[in-house]
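From a predicted model like this one, the values you see are computed outputs, not experimental measurements.
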Amino acid sequence: MKLSRTTSIIMAAAFAALGGAAQAADTVKIAIAGPISGPVAQYGDMVKAGVLTAIEQINAANGAGGNKLEPVFMDDACEPKQAVVVANKIVSDKIHFVIGHVCSGATIPASEIYENEGIVMVTPSATSPVLTEGKKRKFIFRTIGRDDQQGPAAAQFVISHLKPAKAAVLHDKQSYGQGIATSVKNELEKAHIPVVLFEGLNAGDSDYSAIVTKLKSQGVDFVYFGGYHPEMGLLMRQAREQGVKAQFMGPEGVGNNAITAIAGDASEGMLVTLPADFAAEPANAAIVKAFADAKRDINGPFQMGAYAGIKIIADAMAGAKSTDPSKVAAYMHKTTFETPLGAAAYDAQGDLKSYKFVVFKWHKDSSKTVAE
């Protein structure tokens, strides 16, 4: 049968439209940006475990609005300059969705690129208020609370349960650590608890004896450290070796099994603010089983947040009936999502409207119990 030129053009257009629809409902790449290498690569492992588990479950259930999801892992080593390199590669690779970054110092500069380029970013771990404060973010979101939620939660526990006579508040001079340490210091001082030492240390150093000497000379009975587990572990071990018996406390950045390997027995009794133990929720039993079946560790602060980030993006694609990041972001801002973290809803800045941090007591076998 010979087709007229008009008929041929119409049929070609129809096939092109069908091909475009098939492509749109094909595979959507999601960049997973965080530390694959470096001293806090364990946190990247946590995010990877959550992401892979979520993507496997979503793809097995007809995908995100019919679209299969494909993770693309990129290493920023939790370094701000490297995070910018990663963000620019994500732009050049035309990837429109990101889970990450992990460390606040890396997330903040990368987020500026994503916001300008119209790329949806969901961080499961960056808690610095600087990421969103005072900015009406269209494309930037979190699945974790902010330091100005976590800091007061920590301080309130100290005020009501510990009542120290002399407190020291230390930090690692980085965006995350210094920010949360400042928040804790301010709350303690409002409650008239003397903060006799507020000082930064250099991340990556191996000898903190000078600061330990100050802790001893000031006679502190409580030490809060804002930062990550490598420094916290050394600080606690060296303090105990020099006879400092103060109660130590830190944020979720120190809540890592590796801290016990560094601090040894000195890690026993450390207090740490962490997201609630979402793996213990009966509603998440199927997710916990999926982690176990895949032989992935669920016991960390960021696995469930990473899982929730993927689920929110997938649900928003399905709800918006689109993979256009502008439409997905708009849907995210106006919708309450059911996630392993509970109901998640966003304000104009991309922050969760509510989030609960819990104080845990760490044990030298790397287990933890709710502090009372």
Side-chain angles (χ1 to χ4, degrees), residues 39-40 42-43 147 150-151 153-174 176-189 191 193-274 301 359-369 371-372:
V40 292
Q42 296 94 330
Y43 298 126
D147 289 341
Q150 183 175 189
Q156 190 53 51
F157 183 90
V158 175
I159 293 162
S160 61
H161 289 72
L162 303 181
K163 303 177 176 66
K166 291 184 178 181
V169 179
L170 308 175
H171 59 82
D172 62 1
K173 301 181 183 177
Q174 300 183 51
Y176 162 67
Q178 188 166 357
I180 195 165
T182 301
S183 176
V184 170
K185 172 181 177 285
N186 292 343
E187 294 296 321
L188 294 181
E189 289 181 334
I193 290 177
V195 178
V196 297
L197 183 64
F198 180 66
E199 190 168 323
L201 54 78
N202 295 317
D205 281 359
S206 60
D207 183 1
Y208 295 122
S209 59
I211 287 181
V212 172
T213 298
K214 291 181 181 180
L215 298 177
K216 289 182 68 176
S217 65
Q218 292 285 354
V220 301
D221 55 349
F222 172 76
V223 180
Y224 185 89
F225 174 70
Y228 295 100
H229 71 274
E231 290 73 34
M232 178 68 150
L234 282 174
L235 185 63
M236 289 195 300
R237 190 183 77 201
Q238 292 172 13
R240 291 291 186 258
E241 288 171 350
Q242 294 191 40
V244 175
K245 297 180 180 179
Q247 172 69 62
F248 279 80
M249 185 178 196
E252 91 288 351
V254 309
N256 186 308
N257 291 353
I259 199 166
T260 296
I262 299 168
D265 289 349
S267 64
E268 178 64 41
M270 176 188 75
L271 297 174
V272 56
T273 44
L274 291 168
V359 179
F360 289 90
K361 180 177 283 190
W362 197 267
H363 302 292
K364 61 184 179 182
D365 63 355
S366 295
S367 65
K368 63 184 185 293
T369 53
E372 296 177 351

Without swapping roles, check the side chain of [X] against the backbone of [Y] for a donor-acceptor pair under 3.5 Å.
X      : Y      : value
Arg240 : Val244 : yes
Arg237 : Ile262 : yes
Gln247 : Gly269 : yes
Asp205 : Asp207 : no
Lys173 : Leu201 : no
Asp221 : Ala246 : no
Tyr43  : Gly253 : yes
Tyr208 : Asn202 : yes
Gln178 : Gly200 : no

Which distance, rounded to the nearest 0.5 Å, do you find between the [atom1] of [X] and the [atom2] of [Y]?
X      : Y      : atom1 : atom2 : result
Ser209 : Leu234 : OG    : CG    : 11.5 Å
Leu197 : Ser217 : CG    : OG    : 8.0 Å
Gln238 : Ser206 : CD    : OG    : 7.5 Å
Gln174 : Asp172 : CD    : CG    : 4.0 Å
Gln218 : Lys216 : CD    : NZ    : 13.5 Å
Leu215 : Lys245 : CG    : NZ    : 15.0 Å

(request) Evaluate ring-ring contact (aromatic ring centres under 6.0 Å, His included) for Phe222 paired with Phe248, printing each intermediate quantity in order. (result) CA-CA 6 Å; Phe222 172 76; Phe248 279 80; 8.6 Å; no
Is [Y] close to [X] at the side-chain level, that is, under 4.5 Å between some pair of heavy atoms?
X      : Y      : result
Val158 : Leu188 : yes
Pro251 : Phe225 : no
Ile193 : Lys166 : no
Val212 : Glu241 : no
Tyr224 : Ile180 : yes
Tyr228 : Val254 : no
Met270 : Met236 : yes

(message) Looking only at the side chains, is there a donor atom on one of Gln150 and Glu252 sitting less than 3.5 Å from an acceptor on the other?
(response) yes
(message) Looking only at side-chain N and O atoms, does Thr369 offer a donor or acceptor that is under 3.5 Å from a partner on Trp362?
(response) no
(request) Report the C-alpha distance between Thr260 and Asp365 in whole Å, list the side-chain angles of each, state the deciding distance to 0.1 Å, and finish with yes or no for side chain to side chain contact (heavy atoms under 4.5 Å, CB included). (result) CA-CA 7 Å; Thr260 296; Asp365 63 355; over 6 Å; no
(request) Apply the test side chain to side chain contact (heavy atoms under 4.5 Å, CB included) to residues Lys214 and Glu199: give CA-CA distance (whole Å), side-chain angles for both, the deciding distance (0.1 Å), then the verdict. (result) CA-CA 10 Å; Lys214 291 181 181 180; Glu199 190 168 323; 3.0 Å; yes
(message) Please determine whether side chain to side chain contact (heavy atoms under 4.5 Å, CB included) holds for the pair Thr182 and Lys185, giving the CA-CA distance in whole Å, both sets of side-chain angles, and the decisive distance to 0.1 Å.
(response) CA-CA 5 Å; Thr182 301; Lys185 172 181 177 285; 5.5 Å; no
(message) His171 vs Phe198, test: ring-ring contact (aromatic ring centres under 6.0 Å, His included). Steps then yes/no.
(response) CA-CA 8 Å; His171 59 82; Phe198 180 66; 5.3 Å; yes
(message) My understanding is that only one of Lys364, Lys361, His363 makes a side chain to side chain donor-acceptor pair (under 3.5 Å) with Glu268; could you say which?
(response) His363
(request) State, to 0.1 Å, how close Gly233 and Ile259 come at their nearest heavy-atom pair, and which atoms those are. (result) CA-CG1, 3.8 Å
(request) Decide if atom NZ of Lys368 counts as having more than 12 heavy atoms of other residues, nucleotides or ligands within a radius under 6.0 Å. (result) yes
